[in-house]
Each structure stands twice: as C-alpha cells, then as structure tokens.
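Labels below follow one simple rule: chain letters A, B, ... track the order of the sequence lines, proteins then strands, and each chain is numbered from 1.
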Amino acid sequence: MLSKDFTQSVFILIISTIVVASFSILVLIVPNLVRTDEIIATSLAKPLTPLELAGRDVYISEGCHVCHTQMVRGIEPEVKRNGRANKEGDDIYEFPNLWGSKRTGPDLTNIGRKYSEQWQRIHLMNPRKVVPTSIMPAYPWLFTQVLSGDDIESKMRVLRKLGVPYTENEIDKARLQVKGVTKGEALIQYLQSLGNDTASDQEH
Amino acid sequence: MSVFWNTWVIIFILIFLTFMALVVFKYWRSEDTADKDKTIATFDGIDENDAPPPRLFYLSYLSAFILAIGFLVLYPGLGNWSGMLGWQQNEDALSSPITDLDSQMSSLTDQSLHQLATNIDVTESGGVLFKTHCAACHSSNAQGQTHFPNLIDNDWLYGGTDEDILNSIKHGRNGAMPGWKEVLSDDQVAKTSYYIASLQRKNLNAPQIKIDLGKEIFIQYCASCHIDGTVANTEIGVPNLADDIWLHGGSIEEIQHTINNGINNLMPAFSEQLSENQILAIGAYLTKQRQAYDAKLAALDPESVSRGEYLAYAGDCVACHSAESGELFGGGLPFKTPFGTAYSTNITPHLSEGIGSYNYAEFKAALFKGKGKHGYLYPAMPYTSYQHLTEQDTQDIWNYLQSITAVARQNDKNSMMFPTNIRLGLLGWNIVFMDTNPLSYDAPEHASLNEHELAQWQEGKYWVMGLGHCAECHSPRNIAQAMIPEKIFQGNIIDGWNAPNITAKELYEARWDMQSLTDFLHTGHSSKGSAFAGMADVVKNSTSLMTRADIETISRYLLVGDVNNTIPDGQQQLTPTGFVPASYTEEQQNSYDLYTNTCGACHGEDGKGRDPIAPTLLNNGIIMHSDPYNTIAVTIRGLSPTYVDQERNFMPMTSFQNVLSDSELAKLISFVRLYLGGRQEPVTTEQVKTVRQQLEKAGFAGNLHTTPDMYDNKDKAINID
Amino acid sequence: MSSGMDKYDIKVVKYFIIAAVAWSIAGMLIGVMLAAQLYWPVLNFDSEYIQFGRLRPLHTSGVIFGFVVNMLMGTSLYIVQRTGQTRLFNKSLSWMVFWGWQLVLLLALITLPLGYTSTKEYAELEWPIDLLIGLVWVLYAILFFGTIAKRKVHHIFVSNWFYGAFIIVVTLIFVINNLAMPVSLTKSYSVFSGAQDAIVQWWWGHNAVGFLLTAGVIGMNYYFIPKVSERPIYSYRLSVIHFWGLVGFYTWAGTHHLVYSSVPVWVQNIGIVMSLILWLPSWAGAFNSAMTLLQNKEKLKTDYIMLFFMSAILYYCLATLEGPLLAIRWFNMIAHNTEWIIGHVHSAALGWVGMSAIAMFYYFIPRLWGKEQLWSNKLIKLHFWLAHIGIALYAIALWVAGIGEGYMWLAQQENGSLVYSFVEAMDFKAPWLFVRFFGGACFVFGLLIMVFNLYKTVSMNSSVSKEGSADA
C-alpha cells in the first residue's frame with residue numbers, strides 16, 4: 001500500500017522536504033549568525049593592512065588554502081607543532097574563513113613569526129631550494145606580476161560594510177601602499193602577519 | 001548564547017529527533033502489513049514490493065536514539081548545556097605523556113648546553129623541536145643551507161657561548177648589509193669581488209692588479225664593518241671573508257650579487273613561540289650534533305687526510321667539482337656534451353646537498369663504478385680511470401673529503417636529452433664500454449729501461465691512467481662518448497681547443513724531453529711553450545701542486561709510451577731552423593712581413609718570445625704539433641692570460657679573426673710552422689676556413705676578452721628580487 | 001525500447017548523458033594530473049594556470065558539476081517522463097537548462113585556472129557564475145517538478161522523491177553558502193566570516209556530498225537497479241524510511257568537519273550525533289538496493305552491469321560506515337586534514353558514484369541509441385577489474401598515508417614532546433601518494449575503455465533491439 005502524503009502531491013513533496021531540511025538551518029546556522037557582536041567582544045583580531053589584504057587575495061587566488069590549513073585545533077600536540085590554538089573570535093574579520101580542509105603543507109595560522117622574508121621569497125620561488133622533499137608548486141610569477149592597487153579601496157569598502165573596522169583615512173591611503181608591489185611581496189606581507197594579532201595570548 | 005536562542009536550539013533539536021523517531025515508529029507499528037512478495041505498485045515496468053525492514057534495523061534505530069539522547073545528556077550538544085561529565089575538548093589527546101619537559105629540566109642542576117647534550121630526553125625533545133621550527137632554514141641536521149648558516153661547524157656569526165646561542169634563538173638576529181649598487185660601478189663591484197674571493201682562493205682567474213685595486217675599494221667602502229675582510233665581529237654578526245664558509249654563496253657572481261643588493265639576514269625571535277626549556281632543549285640538540293660532527297672530524301687520521309688532499313688535487317677533483325670560481329668542491333661546472341649539459345656535483349660532506357650521507361662503500365662505488373647514490377653517474381666523471389686507484393689512496397681521498405668544509409650549494413639540474421637523461425641507461429654504457437681489467441705494470445716491451453726508469457714509468461702509469469685521467473681529454477671518443485682504447489692519447493677537440501696528441505711518437509717527434517715536459521706540467525711554462533686554456537687549469541689546480549719527483553714519473557711514462565702507444569722504429573724528429581736567410585728571400589718576404597706585423601710584435605722578430613709579453617714560438621709544442629688546429633684556433637680566438645703563475649704571466653693575445661683572411665692566415669701559419677716548428681706540409685685555406693666555421697658556430701670565435709667575464713650571469717637561481 | 005522512445009523527449013537526455021561522459025573523463029583526468037603533481041611537483045610546470053592550487057577546484061567542480069550534475073539532470077528528466085508517463089513540462093525549457101548548464105561549466109573551466117575563486121570548497125565559482133547557476137537551477141526545478149505535476153499516474157515514483165530532494169536542498173544550501181558582496185565582476189567577499197562562515201561552508205560542503213553525490217545518485221539507482229536486475233524493488237517502506245532519514249539527518253552532519261575547531265563545542269557535537277545516526281538509514285537504503293539485485297542471483301553472476309551496481313552498493317556501505325566513523329572524535333583527531341579524508345571521499349566518489357554511473361552508462365547509453373548488446377563483453381570485464389583495482393589501490397594507499405601522517409602529527413614522547421616533524425610525515429607518505437596516482441590512473445584508464453566500448457556499441461550497424469520488451 002502506497003502512503004498517501006508526499007508521494008501523491010508534488011506540493012507536499014516540496015514543502016515537507018524544505019521543512020525537514022530546514023531544521024539544521026534553524027539550529028546550526030541562525031543562532032550562530034546572530035552572535036557576531038558576542039564573538040567580536042572576545043576577539044583579539046586586527047584588520048589586515050591594505051598590503052596584507054592584497055596579499056590575502058593573492059593567497060586566495062593562487063589557492064593556497066587548498067593545501068594549507070589555518071586552523072590549529074585545541075589538542076596539545078597540535079598546539080606544540082603549530083602554535084596557539086584558534087579561538088572563535090580570531091577569524092571574525094576573515095571574509096571568508098581560510099581554515100582549509102587539507103593539510104598537504106603545514107598549518108599557517110601562526111606562520112608570521114617563524115620565517116624571514118628572505119626565506120619566504122626563496123621558498124615561493126622554488127620550495128625545494130629550502131625544503132628538499134617539498135611537493136609544493138613553485139610560484140615564480142608572483143615576483144614578476146605587479147599589483148596596480150586600483151581595486152584595493154573598493155575591497156576595503158566592501159569589507160567595511162561587512163563589519164571590518166577600516167577608517168576612511170586607511171582606505172584613502174591604501175592604494176599608494178599597494179601600487180607597484182609584486183604579488184609575491186604582498187603575499188609575504190600577509191604571511192608575515194599571520195598569528196601576530198594573537199601573539200600576546202600565549203600559553204606554551 | 002542568550003536564553004532565547006539556547007531554548008530555541010534545544011527545542012528544535014528535540015522536535016526534530018522526535019519527528020524522525022516517529023517516521024520509524026510508524027512503520028514499526030504497521031509491520032504486519034508488510035509482505036515481500038506483494039507488489040503494491042508498478043512504474044514504467046518496475047514493480048515495487050513491500051518487504052518488511054529487518055528487525056535488526058528497528059533495534060539499531062532504537063539503540064541509536066537512546067545513545068543519542070544519552071550522549072546529549074552527558075556531553076555538550078544541547079545548546080549551552082555543558083553535559084554531566086564536565087568534559088572539555090582540549091583534554092583529548094592521542095598519547096598520554098607521563099611527564100613533561102619542564103619537570104625533567106627542573107631536576108637537572110647543571111643546565112649548560114654541554115651537560116644537557118648528554119641527556120637523551122632533552123636532546124630527543126630538542127631534535128624534534130629543531131626539525132619542526134628550525135629545519136626549514138637550517139636543514140634537518142643543522143648543516144644549514146645557502147643563506148642559512150651551518151650550526152654545527154663551530155663558526156658562529158654571533159658567538160658560540162651558551163648564552164650567545166640561546167640569545168640568538170630567543171631574541172633572533174638581524175644581520176644587515178647595505179647594497180652598493182647605487183654607489184659602486186659594475187667594474188668596482190667586480191674588482192671588489194675578486195679581492196674578496198682572493199682572500200681564500202689561490203686559483204682565481206683574475207689578474208693580481210685587479211685584485212689589488214679591489215682591495216683598495218674594499219678598504220674604502222667596507223672596512224668600517226669588515227676591516228680588511230679577514231676579521232669577524234660577533235657583536236654585529238660580521239663574517240670572516242677569508243675562510244671557506246660562504247653563507248650567501250661564494251662564486252664571483254654570488255659575491256657580486258651580495259655586494260650589489262646587500263643582505264638583510266633575519267633570524268626570527270622564538271621567545272614568544274617556545275618556552276625557555278624548549279629553547280634549552282634545541283640548544284642541547286645543536287650541541288650534541290656539533291659534538292658528533294667534531295668527533296667525526298677528530299677521528300680522521302690527519303696523515304691520511306693530508307695524503308688525501310695531495311691525491312685529490314693530483315686527481316684534479318676541485319677543478320671539475322667547483323663552479324667557475326665557485327666554492328671549492330661545491331660543484332656546478334657545466335660539461336657540454338653532444339647529448340646536453342651535465343653539471344658536476346657538490347662533493348662536500350653536506351648531508352643533503354653534498355655527499356654527507358655517503359659511506360665509504362658508496363663513495364667507492366661512485367669513484368670506481370660510476371654508481372652514485374641517486375643513480376648512475378655520467379662518464380664525464382672519470383670513474384673509468386679512477387677505478388685503478390689503490391685501496392689506500394681511495395681511503396685517503398675519502399678521509400680528506402670528509403674533512404673539508406661542508407658547502408650548502410645545491411646541485412644544478414642537468415639538461416641532458418632523452419634518452420641519455422635516464423640514468424639507468426648508463427649501466428648499459430658501463431657494461432659495453434668500460435674496461436674493468438686492472439692495469440698492467442709490466443715493463444713495456446718496446447723500450448729498454450733501467451731500474452730507476454722502470455720504477456718511474458710504473459709510478460707514472462699509475463698517475464696518468466688513474467688519478468691523472470689524462471686520457472679522458474687527450475683521446476678520441478666514439479659516438480657514445482666512450483674512449484677508443486687503440487687511439488689512446490691521440491688527441492681530441494674539447495671546448496674548441498685541441499687537447500693535443502700526447503702519444504710517445506708525437507712527443508718524440510716534437511722533441512719534448514724530461515726537462516721540458518716536467519717544467520711544463522709543474523709550472524705551466526717550459527722551453528717549448530706555456531700551458532693555456534684547459535691545460536692551464538689542470539696545471540693550476542692540479543699538477544703544479546704535485547712534487548716535481550711525481551711529475552717526473554708522469555713525464556717518463558708519457559715519453560716512453562706503452563701498449564698501443566709506441567715510437568715506431570726510425571721515427572724522425574723535427575728540427576726547426578728558426579728564421580734563416582731563406583725566410584727573407586723575395587718569395588717569402590711577403591710572409592715574413594705579415595709575420596712581423598702580426599705575431600712578431602709580441603713573439604719577437606726571431607720568434608723566440610719576449611718575457612713577460614709572449615712565449616716562444618720557436619720549438620713551441622703547439623707550433624710543432626702534427627695537427628695545426630690549435631695554431632689556427634689561437635689566431636681566431638685569441639687567448640686570455642692564464643694566471644697559472646702570478647710571477648710569470650703573459651699578456652693576452654688578440655684575435656686576428658677580423659684582421660686576416662683565411663688565405664692570409666693559412667699562409668702565415670704555414671710560414672710559422674715551416675721555420676719555427678719544422679713542419680714542411682703547408683696549412684691550406686680550406687683547413688683554416690673549416691676551423692673558423694666550427695669555432696664561429698660554437699660561439700668561441702672573436703676576441704676572447706682579457707678580463708674574466710665568464711663569471712657573468714651563469715647562475716640564474718640567485719637573482720630572486 | 002525504441003517503440004517507447006518517441007513518446008518522450010529523449011534528445012536532451014542524450015545530450016546530458018554525452019556531456020556527463022565527457023566531463024567524467026575530463027574531471028578525472030585532471031584528478032590524475034593532480035595526483036601526479038603531488039608526487040612529481042615538477043608537473044606544476046611553474047605555470048600559474050595549472051598549478052595544484054588552481055587546478056584542484058577545477059577537478060572537484062568538473063566531476064561534481066560537470067559529470068554528476070549532467071548525469072543527474074539527464075537521468076532525472078528521463079525517469080520523470082517514463083515514471084509519470086508524460087512528456088517534459090516544456091521542451092524549450094529543457095534546452096535552456098542544458099545549454100545554460102554547459103555555459104556554467106565553460107565559465108568554470110575558464111575562470112578557475114585564472115584564479116577567480118571564492119575559496120569556498122565545492123563552491124569556488126565567483127558571484128556572476130553563481131547567479132547563472134541559480135537561474136539555471138530554478139529553471140531545472142520548474143522543469144522537473146512541472147513534469148511531475150503533469151504526470152499521468154497517481155503516485156510519484158521513489159526515484160523522483162530523491163531527485164526532488166536533491167533539487168530542493170541544493171537550492172537551499174547553495175544560495176545561503178554563496179551569499180557574497182561583490183567588489184568587481186571577478187571578486188567578492190563572502191558575507192560570513194571566520195567561525196560563522198565555517199559553519200555555513202561545511203553545512204554546504206557536506207550537503208553537496210549528501211544531496212548531489214548521494215540523494216541524486218540514489219534516485220537514479222532506484223530506477224536503474226530494478227531495470228537491470230529485472231526484479232521488483234525489494235521494499236517500498238524501506239525506501240520511505242531511507243528517504244526521510246537521509247533528508248533529515250544529512251543536513252545536520254556538516255559540522256563534523258569542524259570537530260576540535262574553534263566553533264562552539266555543541267555545534268560540533270550535534271554534527272557528530274546526527275552523522276552517527278545517519279549510518280542507519282544509509283545502510284537501510286543500501287540493503288534495499290542490494291536485495292533488489294540479489295533477487296536475480298543468476299544474472300548477478302554473469303552480468304557485469306549488475307556487478308558494477310553491486311560494487312557501487314558495497315562501496316556505498318563502506319563510505320557510509322567510514323563517514324560516521326570519521327565523525328567520531330577519536331578518529332577525527334587523527335584523520336582530520338589528512339589523506340584519509342581524500343581516500344574516504346574517493347571511495348564514495350569513485351566506488352559509489354563512479355560505479356553507479358558506469359553501470360548506468362553501460363545499461364542506458366546503448367538503449368538510448370536503440371541497441372541492446374554491448375560491443376564487447378570482454379572490455380566491460382576488463383573495465384570492471386581495472387576499476388576495482390584502481391579504487392582499492394587508491395583507498396588503501398590513502399588509508400596508510402592518512403592514518404600514518406595523522407598519527408605522526410600527533411605522536412608524543414613520554415615528556416609530551418613531539419616525535420616527528422612535519423617533513424618526516426610528508427616523506428613517509430610520499431610513496432603512498434604514488435600508489436594513489438597509479439590507482440587513480442587505473443580507474444581513468446578503465447573509463448576510457450568504457451568510452452571506446454560504448455562508442456563502438458552505439459556506432460554498430462545492426463540494431464539488435466528486442467521488440468516489445470518491458471525494457472526502458
């Protein structure tokens with residue numbers, strides 16, 4: 001005997017599916033989205049400088065997040081290896097999050113204080129120069145492609161609308177900071193910034 | 001979460017779970033209506049039966065719901081409810097350590113690094129910490145990489161006391177040198193680089209005058225930090241430039257790059273990322289590594305090392321295994337073969353870049369069989385000759401190579417064409433072409449030698465056929481680049497020069513003798529001319545560093561000959577007359593004028609050479625040589641000074657390529673060979689043209705410059721800005 | 001079958017199936033390339049366009065949106081007609097959906113290598129393409145549900161519930177996850193940040209798996225498995241339980257991707273609980289399909305299409321056991337971020353989706369073109385074993401690599417110090433990454449054999465169709 005509900009009416013099929021599937025939205029999504037102020041109150045995060053922001057977009061565009069996580073889980077050995085564990089407020093200005101899902105290369109959450117810019121440069125040009133068995137691609141073009149800085153203001157304005165506290169003054173000066181810098185240098189500035197804002201919150 | 005949202009979350013979770021349970025419950029209650037053989041509907045020919053789900057399924061669902069509710073009571077899940085067990089997620093761990101580094105450290109009273117280095121708990125912790133936080137720069141065994149210092153060679157930029165080392169880790173270091181691009185001209189930078197390189201290397205291809213000028217520039221601009229380059233200053237991290245440790249690369253080009261662009265060498269501070277005790281543990285690990293390396297060096301027999309050094313230079317390892325004026329034994333010299341370019345490798349004891357991971361057996365396999373640890377070696381490495389070394393000599397060389405400074409220079413990528421880039425193919429080459437029979441030291445049948453001469457001949461054979469690997473350059477090769485044994489020493493074209501025929505017959509005919517040949521090999525100069533091009537490098541790097549007695553044995557062996565290399569009975573010797581009245585006759589006047597206007601200006605109107613301008617042409621081995629190739633080539637290429645002997649050097653020779661036509665050159669060379677070399681047969685215009693075209697095609701033609709600009713732009717990897 | 005064909009709109013179905021086959025090859029070849037890059041980094045060729053970071057989203061988009069969605073659109077539009085005994089709701093709408101979707105894929109093929117990405121996993125495309133996807137998706141929903149609405153039979157066939165859920169839930173999750181504020185035509189920022197964004201992203205990420213790769217494919221199989229086995233669907237009531245279990249529990253499971261992260265613990269734990277319960281309806285559904293096949297044991301012994309379906313179900317069981325397992329904290333601690341996850345995804349994607357698709361292609365494509373027999377039975381046998389060897393090598397290699405590196409990352413000495421450096425873990429897994437490359441290559445090679453076999457089948461001269469059979 002066939003049941004006499006969703007299998008008889010396309011309308012009931014659609015509505016009942018939406019209702020059942022929506023429970024997860026109501027429980028997991030909505031209550032967490034309304035907590036932004038609460039999260040910001042606990043946050044040590046500082047907005048990225050224009051150059052770091054430009055570098056972050058290089059990071060995104062090259063797909064660094066495909067192989068590198070930015071999420072130190074709160075487990076002791078993981079903290080020992082990668083530094084301070086992430087807290088909920090750390091990434092409140094991260095639109096979108098760059099936690100990643102695969103650690104083909106090491107976690108980068110706290111990479112900012114570990115290597116010199118020179119090392120980063122050599123490593124991006126050819127990772128195997130400094131890590132012999134590395135399987136990371138080489139990114140030589142990053143050091144030939146130059147940023148114009150033309151879109152940095154609109155990026156910052158969008159982020160300000162989304163909640164990053166950039167001042168008009170910062171946005172005003174942004175283009176000059178970015179213009180003429182290579183993608184590689186911007187990326188390195190971004191990498192060097194990682195973990196700096198939370199550095200004061202340490203326990204070994 | 002606020003009370004409202006907390007309640008919201010809990011209510012919706014419970015409603016959902018209830019609803020899902022009800023779906024299953026409904027079918028469980030109506031189990032009796034199920035029948036697996038009953039078809040209740042048909043769609044497009046597909047029947048739907050209505051079998052009951054297995055009982056196990058309902059039981060599983062039941063237990064799942066019970067477990068879920070239980071979990072949500074015991075653990076967090078229902079909003080702000082923290083669970084009855086008080087569980088915290090950061091308590092979870094894979095391993096359960098029984099102690100920690102801090103408590104292990106606190107029980108140690110003597111916390112000097114030397115003492116800590118003996119504590120296995122501390123050094124093991126330090127080892128992993130080092131590999132995790134430091135190895136990406138300093139490499140996993142702490143031997144460093146280019147730009148990142150070796151930490152176990154006892155050479156400390158910022159001091160090597162416990163306090164210095166720990167401070168370096170805690171607070172970091174920043175060694176900054178400004179770039180001089182804007183201040184110094186290219187020429188000044190070049191001269192300064194020659195001076196800096198000359199502090200440690202004797203075999204520099206640069207004239208003393210430029211080195212001296214470079215020193216003046218250095219003193220003017222660099223002395224405030226570097227003094228004269230030979231003094232380190234650990235206060236501000238100034239390195240000693242006179243030792244063989246080159247943090248930022250030691251080739252002329254790398255030195256120039258450093259001078260031009262400066263250095264901002266930063267070691268980050270780790271005090272915020274690592275605890276005091278973790279830093280101590282890293283220090284202890286480093287100390288242990290350093291002690292182990294020191295112990296390895298101390299275990300080497302110094303006599304064996306010094307014998308090994310002599311042998312390594314006799315075998316000319318350094319000339320091939322150093323880039324043009326690069327760090328010694330650091331590799332990087334290109335070998336252009338018909339199949340592409342192969343580069344010599346780093347043979348210093350660096351673990352990852354050199355042969356630090358080799359043991360003696362592996363070293364010997366490479367030296368004797370061309371079997372490297374990472375694949376077969378190209379026969380550009382003369383293992384076909386080195387296989388004849390004695391066990392003692394091999395051991396000595398091995399000991400020496402372990403004692404030299406570890407260079408962090410990375411090996412270059414060979415650009416060999418397919419299929420020669422498949423290393424395994426070389427195994428086949430070895431099987432087909434390599435003669436593995438031991439050398440015979442039986443007295444030669446074709447010559448009668450006294451006891452002393454025989455001893456010399458035998459020892460000479462060992463040098464020539466083994467370490468000296470003379471035949472590798474001086475013998476023709478077949479299409480697979482293997483030597484042809486029957487044609488040993490009959491000469492070969494390399495880099496646009498003829499490595500001359502040095503068979504006993506040729507040497508006899510051209511009147512080489514013990515005195516002249518020994519002088520030539522030992523000093524680069526002789527009554528029969530001077531070494532140039534590749535041979536000058538050999539003399540400079542190798543034979544000039546051997547004893548005269550050893551060189552004499554080599555001369556003996558070459559002059560006497562051997563199997564496949566004998567002097568035919570009744571062989572005539574050449575007798576150059578020098579310029580005689582016949583040279584000035586009317587029919588020759590033209591040629592002689594040509595001579596005086598070109599060669600004669602430097603080599604003298606009599607052709608006997610003029611110190612210190614140009615060597616003799618009369619009796620010159622090259623002029624007398626059966627093949628006029630080099631005589632032709634030298635007029636087309638010109639010649640740069642060799643700097644074999646700073647005391648005795650000749651001026652550069654200019655190229656006549658754009659001055660004399662092929663026919664004029666043919667005429668001139670024929671004339672010179674006739675009177676100064678005793679060679680009757682003339683050189684034809686065709687011969688000159690062929691050689692010129694060859695050289696032009698290979699890019700060797702034209703004024704070879706008098707300054708060593710061969711340093712320019714070879715290393716593409718260093719310019720990263 | 002050919003007799004029935006003219007009663008329905010078949011041409012667009014053929015186009016979708018061809019597109020699905022083409023994208024399966026393209027997407028998986030890119031996958032093999034990526035696997036090779038992880039072993040031989042030189043294969044990144046120092047090119048910004050094909051380096052791993054940019055190529056990987058093209059692989060996932062290619063197989064998910066190119067291969068699977070084309071396949072699901074094609075089969076759903078076929079099944080909804082046959083089981084409703086009606087033509088498509090609107091023929092030109094179906095062509096708009098087809099060409100609209102191919103345009104989406106073309107744009108993905110262009111923009112991802114150029115580095116235009118939102119970073120969101122399985123939703124990397126930038127906002128203008130997202131808008132196009134939304135539009136095409138709505139048209140597809142109208143077409144599909146419109147056709148159901150005009151069906152000539154009373155009830156809605158089980159396949160169409162699953163297809164329906166696939167269409168509805170993907171709409172929900174896609175829209176919410178992709179909410180972004182544009183900066184320019186090629187750049188936008190997600191409106192969510194940090195931990196909040198992570199919850200949204202993995203709610204999408206896991207449901208993309210759940211409703212594209214699971215619900216949709218289940219829908220397809222509920223039609224093709226009884227067709228191939230020539231037996232009734234085993235249990236109607238099990239399919240109802242399966243359906244609601246899947247739609248209900250799956251949507252909650254995404255937060256198990258965030259275990260031990262900085263999102264609130266209760267969010268993680270709800271994800272874990274729901275993931276574990278999800279195991280039951282999944283296996284119930286698998287049981288239902290397996291019983292449908294097992295009713296025809298004779299055919300199962302000899303027919304490789306049946307065997308492909310059976311293998312797909314077994315891999316479904318494996319993946320739906322492994323999934324809840326990986327949601328458990330103990331396993332997650334080791335497995336998170338490691339190769340194991342990649343292995344798990346591919347057990348499901350190659351084993352479950354891949355084998356289901358292969359079985360469907362072998363059965364459906366000849367019949368779509370009016371043939372009954374495959375050109376070569378030997379080749380399908382060869383393909384069967386290549387696919388199995390490929391997946392087995394792939395899964396085993398990444399189990400070893402993943403568990404190994406996960407353990408090495410976490411192992412501690414007695415005093416709590418770490419035991420291995422990251423590089424040591426990397427060096428450990430290197431040979432296993434080669435095995436994975438080899439396994440993946442085997443699978444794709446099998447796929448190429450299938451394409452060859454099917455091409456020969458379709459272009460065979462004589463049609464050997466059996467008239468009057470109940471076959472599709």
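For the residue pair C/W203 and A/S24, a side-chain donor N or O sits within less than 3.5 Å of a side-chain acceptor on the partner. Inspection of the A/N86 and C/Y260 side chains reveals no N or O donor paired with an N or O acceptor under 3.5 Å. Judged by distance alone, the side chains of C/S421 and A/R81 never bring a donor and an acceptor atom under 3.5 Å apart.
Using a 4.5 Å cut-off between heavy atoms, A/T36 contacts chain C through both its backbone and its side chain. For A/R128, the part lying near chain C is the side chain, with the backbone staying farther off; criterion is any non-hydrogen pair under 4.5 Å.
Here the straight-line distance linking atom CG of C/L172 with atom CD1 of A/I25 works out to 5.0 Å at 0.5 Å rounding.
C/D197 places a side-chain N or O within 3.5 Å of a backbone atom of A/N97 that can act as its donor or acceptor partner. Of the possible donor and acceptor atoms, one in the side chain of A/S61 sits under 3.5 Å from a partner among the backbone N and O of C/G115. Judged purely by atom type and a 3.5 angstrom limit, A/R73 uses its side chain to pair as donor or acceptor with the backbone of C/M333.
The ring-ring contact (aromatic ring centres under 6.0 Å, His included) pairs that include a residue from residues 37-56 of chain C are C/Y39-C/F434, C/W40-C/F434, C/W40-C/F437, where partners are two or more places apart or lie in different chains.
Ring pair C/F243/A/F6: centre-to-centre distance below 6.0 Å.
The contact list for residues 187-195 of chain A toward chain C, using heavy atoms and a distance under 4.5 Å, is empty.
Under the 4.5 Å side-chain criterion, counting only non-hydrogen atoms from C-beta, C/Q196 is not in contact with A/I29. Using a 4.5 Å cut-off on side-chain heavy atoms (C-beta onward), A/D151 and C/K187 make no contact.
Residues C/T119 and A/P96 approach most closely at OG1-CG, 3.3 Å, considering heavy atoms.
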